[in-house]
2 protein chains.
Amino acid sequence: MQLQQVPIGNRLLASLSADDLARLQPHLEPVSLALRQVLIEPNMPIEHAYFPEQGMSSVTNNSSGGKIEVGVIGQEGMIGLPIVLGIDQTPYEHFMQIPGHGWRIAAHDLEQAMAQSRSLHRHLLRYVQASHVQASETAFANANSDIEARLARWLLMCHDRVDGDDIPLTHEFIAMMLGVRRPGVTVALHVLEGMRVIRAKRGLITVLDREKLEELADEAYGLSETEYSRLMKTEA
Amino acid sequence: MQLQQVPIGNRLLASLSADDLARLQPHLEPVSLALRQVLIEPNMPIEHAYFPEQGMSSVTNNSSGGKIEVGVIGQEGMIGLPIVLGIDQTPYEHFMQIPGHGWRIAAHDLEQAMAQSRSLHRHLLRYVQASHVQASETAFANANSDIEARLARWLLMCHDRVDGDDIPLTHEFIAMMLGVRRPGVTVALHVLEGMRVIRAKRGLITVLDREKLEELADEAYGLSETEYSRLMKTEA
DNA sequence: GCTGCATTGTACGATTTCGTACAATTACCC
DNA sequence: GGGTAATTGTACGAAATCGTACAATGCAGC
């Protein structure tokens with residue numbers, strides 16, 4: 001057990017064994033992650049994997065004009081899973097939805113590290129499963145839940161990935177991610193605000209009552225998160 | 001290059017190198033896959049991985065009373081991906097929706113084989129990505145497409161996994177998988193039938209015009225399948 | 001403090017899908 | 001070959017969501 005010089009704020013990195021983390025550390029480069037910065041271009045070679053410490057990235061399908069979100073990634077995970085699977089690209093765009101900062105590593109260095117340490121590879125593969133479950137739960141939510149519940153779910157996922165209770169996003173943007181009309185989001189937010197579950201200012205939503213949000217999201221929220229902690233806890 | 005005694009009808013197995021296939025073969029056991037047979041119980045240790053040669057399995061979220069489908073698996077893939085990721089269970093049920101047959105291998109034997117052959121492991125990991133994309137595309141379809149397009153997409157996915165053009169399923173069942181009302185499916189099927197795209201009998205849908213089906217599914221169908229062939233073609 | 005633009009609020013009819021109910025049909029079992 | 005259950009067809013008002021348009025508001029920059 002070795003004291004880190006810089007504390008690691010990314011939970012996926014932090015859950016690695018000391019050995020594996022040490023193996024990555026020389027290659028980790030601190031990066032700031034600007035709003036709307038594209039981390040992975042769809043169908044282009046992936047240059048780096050990113051481990052956010054703050055901020056949130058969206059995984060989107062960009063066909064059909066707009067973007068539709070199929071996943072979110074923050075300090076619990078990593079951007080660039082295909083690398084872990086030995087693949088060099090993905091059809092989905094990854095960009096920063098809430099700015100922040102984190103670490104990045106060249107795809108090649110990560111590959112090499114995984115080739116040297118089976119336990120590192122195994123650990124990252126566990127996160128692949130968590131990510132897969134998240135996508136599946138998004139499919140589930142999109143089929144079953146009304147706008148209000150989906151919005152609640154989405155706010156919770158943001159809340160899990162920001163520092164305080166403030167989520168800096170516009171209705172327009174949220175609508176795009178959920179694949180619904182913008183006024184639909186406005187109205188649903190009003191309902192939540194009426195229940196004192198959130199407070200909304202221009203371009204900013206503040207979570208006031210997380211528990212009630214979870215009730216409102218109903219079955220759409222939770223499985224993913226439970227699965228994540230199960231997977232990441234077991235193996236040290 | 002060695003002639004197989006029994007030709008392998010599962011595309012994932014078939015795309016393995018001769019070496020890797022030979023490594024698995026002693027452990028592969030032919031199984032028939034009965035209608036509604038549960039291959040993986042949610043949150044229970046996974047005993048076997050299955051490689052279907054015929055038939056189709058559904059991956060479902062079983063909360064909320066009914067089941068909702070988050071993925072399908074047939075002769076292009078395998079059931080039991082968590083094993084490939086070094087995980088022993090999944091929150092989703094896997095059961096046969098269209099009966100058939102295939103091969104199975106004990107989880108332990110598969111693990112051992114992957115430990116011995118990195119190329120085997122790598123190859124199966126490529127399929128993990130394909131499966132992830134499929135889940136993401138389901139999320140996309142559920143958010144964006146109306147019942148008709150989603151039904152078209154779903155019929156296409158079935159069609160890809162059965163032998164001829166016949167898909168033996170009831171409206172009730174399809175409705176459950178898509179997460180919509182049963183009469184909604186009945187009506188949508190009538191529309192497709194009116195366009196001569198399918199023919200429907202009791203418990204049986206016959207695909208007549210696959211191309212037009214693909215048009216109707218619009219953007220909801222295709223990406224997954226393109227990604228699959230890209231991933232599985234590259235590496236021999 | 002004004003101005004201009006991005007954001008949010010609100011309205012409206014149109015459309016899709018829902019929930020539910022019940023009738024009609026087919027397949028299967030005895 | 002008649003009865004029975006599963007499946008499919010159809011209808012209806014209710015609800016959710018859509019597409020669109022436009023007004024009101026707050027913020028940023030000058």
Side-chain angles (χ1 to χ4, degrees), chain A residues 35-36 64-66 68 97-98 139-155 166-195 198-206 216-220, chain B residues 35-36 64-66 68-69 97-99 139-155 166-195 198-206 216-220:
Chain A
L35 182 61
R36 245 148 271 195
S64 78
I68 284 263
Q97 182 141 87
I98 300 175
F140 176 75
N142 290 352
N144 270 297
S145 304
D146 58 18
I147 293 190
E148 207 174 299
R150 280 165 66 189
L151 177 58
R153 167 177 191 258
W154 199 75
L155 291 174
D166 287 350
I167 301 168
L169 290 168
T170 66
H171 301 184
E172 183 79 47
F173 220 73
I174 299 175
M176 201 169 227
M177 294 300 102
L178 295 180
V180 299
R181 281 173 327 138
R182 197 269 308 160
V185 171
T186 303
V187 170
L189 283 171
H190 289 167
V191 174
L192 298 186
E193 205 167 5
M195 297 167 134
I198 59 162
R199 193 181 333 124
K201 285 218 271 292
R202 292 224 143 195
L204 182 72
I205 295 163
T206 307
L216 288 167
D218 196 35
E219 300 184 288
Chain B
L35 182 62
R36 243 146 271 193
S64 79
I68 285 264
E69 189 173 74
Q97 182 140 88
I98 299 175
F140 176 76
N142 289 352
N144 270 299
S145 305
D146 59 17
I147 293 189
E148 207 174 301
R150 281 164 65 190
L151 177 59
R153 166 176 191 259
W154 198 76
L155 291 175
D166 287 351
I167 301 169
L169 289 167
T170 66
H171 302 182
E172 181 80 48
F173 220 71
I174 299 174
M176 200 169 228
M177 294 299 102
L178 296 180
V180 299
R181 280 173 327 137
R182 196 269 311 160
V185 172
T186 303
V187 171
L189 282 172
H190 288 168
V191 175
L192 298 186
E193 206 168 3
M195 299 167 132
I198 59 162
R199 190 179 339 121
K201 286 218 270 293
R202 293 229 140 192
L204 183 72
I205 295 163
T206 307
L216 289 167
D218 196 36
E219 299 185 287

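Proteins get letters first, then strands, A, B, ... in listed order; numbering begins at 1 in each. Just so you know, these numbers use all the heavy atoms, side chains as well, and skip hydrogens, waters and symmetry mates.
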- Rounded to the nearest angstrom, tell me the gap between atom CZ in B/Phe173 and atom P in D/dA6.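 After rounding, the gap between these two atoms is 15 Å.
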- Message: Looking at every non-hydrogen atom in both residues, tell me the closest pair between A/Ala139 and B/Asn142 and how far apart they are.
- Response: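 For A/Ala139 versus B/Asn142, the nearest heavy atoms are O-ND2, 2.9 Å.
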- Message: Let me test you: for the helix from C/dG1-D/dC30 to C/dC30-D/dG1, what is the angle between the axes at its two ends (five pairs each), rounded to 10 degrees?
- Response: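 Axis angle across the helix from C/dG1-D/dC30 to C/dC30-D/dG1, nearest 10°: 40°.
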Sub-3.5 Å pairs of nitrogen or oxygen atoms, protein against nucleotides 16-19 of chain D:
unit_1 : atom_1 : unit_2   : atom_2 : d
D/dT17 : OP1    : A/Ile147 : N      : 3.1
D/dC18 : OP2    : A/Arg181 : N      : 3.4
D/dG19 : N7     : A/Arg181 : NH1    : 3.1
D/dG19 : O6     : A/Arg181 : NH1    : 3.2

- Message: So A/Asn144 and A/Asp218, do their side chains get closer than 4.5 Å, heavy atoms only?
- Response: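 No, side chains not in contact.
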Nearest 0.5 Å, what's the [atom1]-[atom2] distance between [X] and [Y]?
X        : Y        : atom1 : atom2 : value
B/Met177 : B/Glu172 : CE    : CD    : 10.5 Å
B/Ile198 : B/His190 : CD1   : NE2   : 8.5 Å
B/Leu189 : B/Ile205 : CG    : CD1   : 4.5 Å

- Message: For A/Asp166, give me all partners under side-chain hydrogen bond (donor to acceptor under 3.5 Å, both in side chains), at least two apart in sequence or on another chain.
- Response: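 By the side-chain hydrogen bond (donor to acceptor under 3.5 Å, both in side chains) rule, A/Asp166 matches A/Thr206.
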- Item | Residue list, side-chain hydrogen bond (donor to acceptor under 3.5 Å, both in side chains) with B/Arg181, at least two apart or on another chain |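 With sequence neighbours excluded, B/Arg181 shows a side-chain hydrogen bond (donor to acceptor under 3.5 Å, both in side chains) to no residue whatsoever.
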- Query: When you list every nucleotide of DNA chain C with an atom under 4.0 Å from a heavy atom of chain A, which one comes first 5' to 3', and which comes last?
  - Reply: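 The footprint of chain A covers C/dA6 to C/dT10.
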Collect all protein-nucleotide pairs involving nucleotides 23-30 of chain D in which both atoms are nitrogen or oxygen and the distance is under 3.5 Å.
unit_1 : atom_1 : unit_2   : atom_2 : d
D/dT25 : O2     : A/Arg202 : NH2    : 2.5

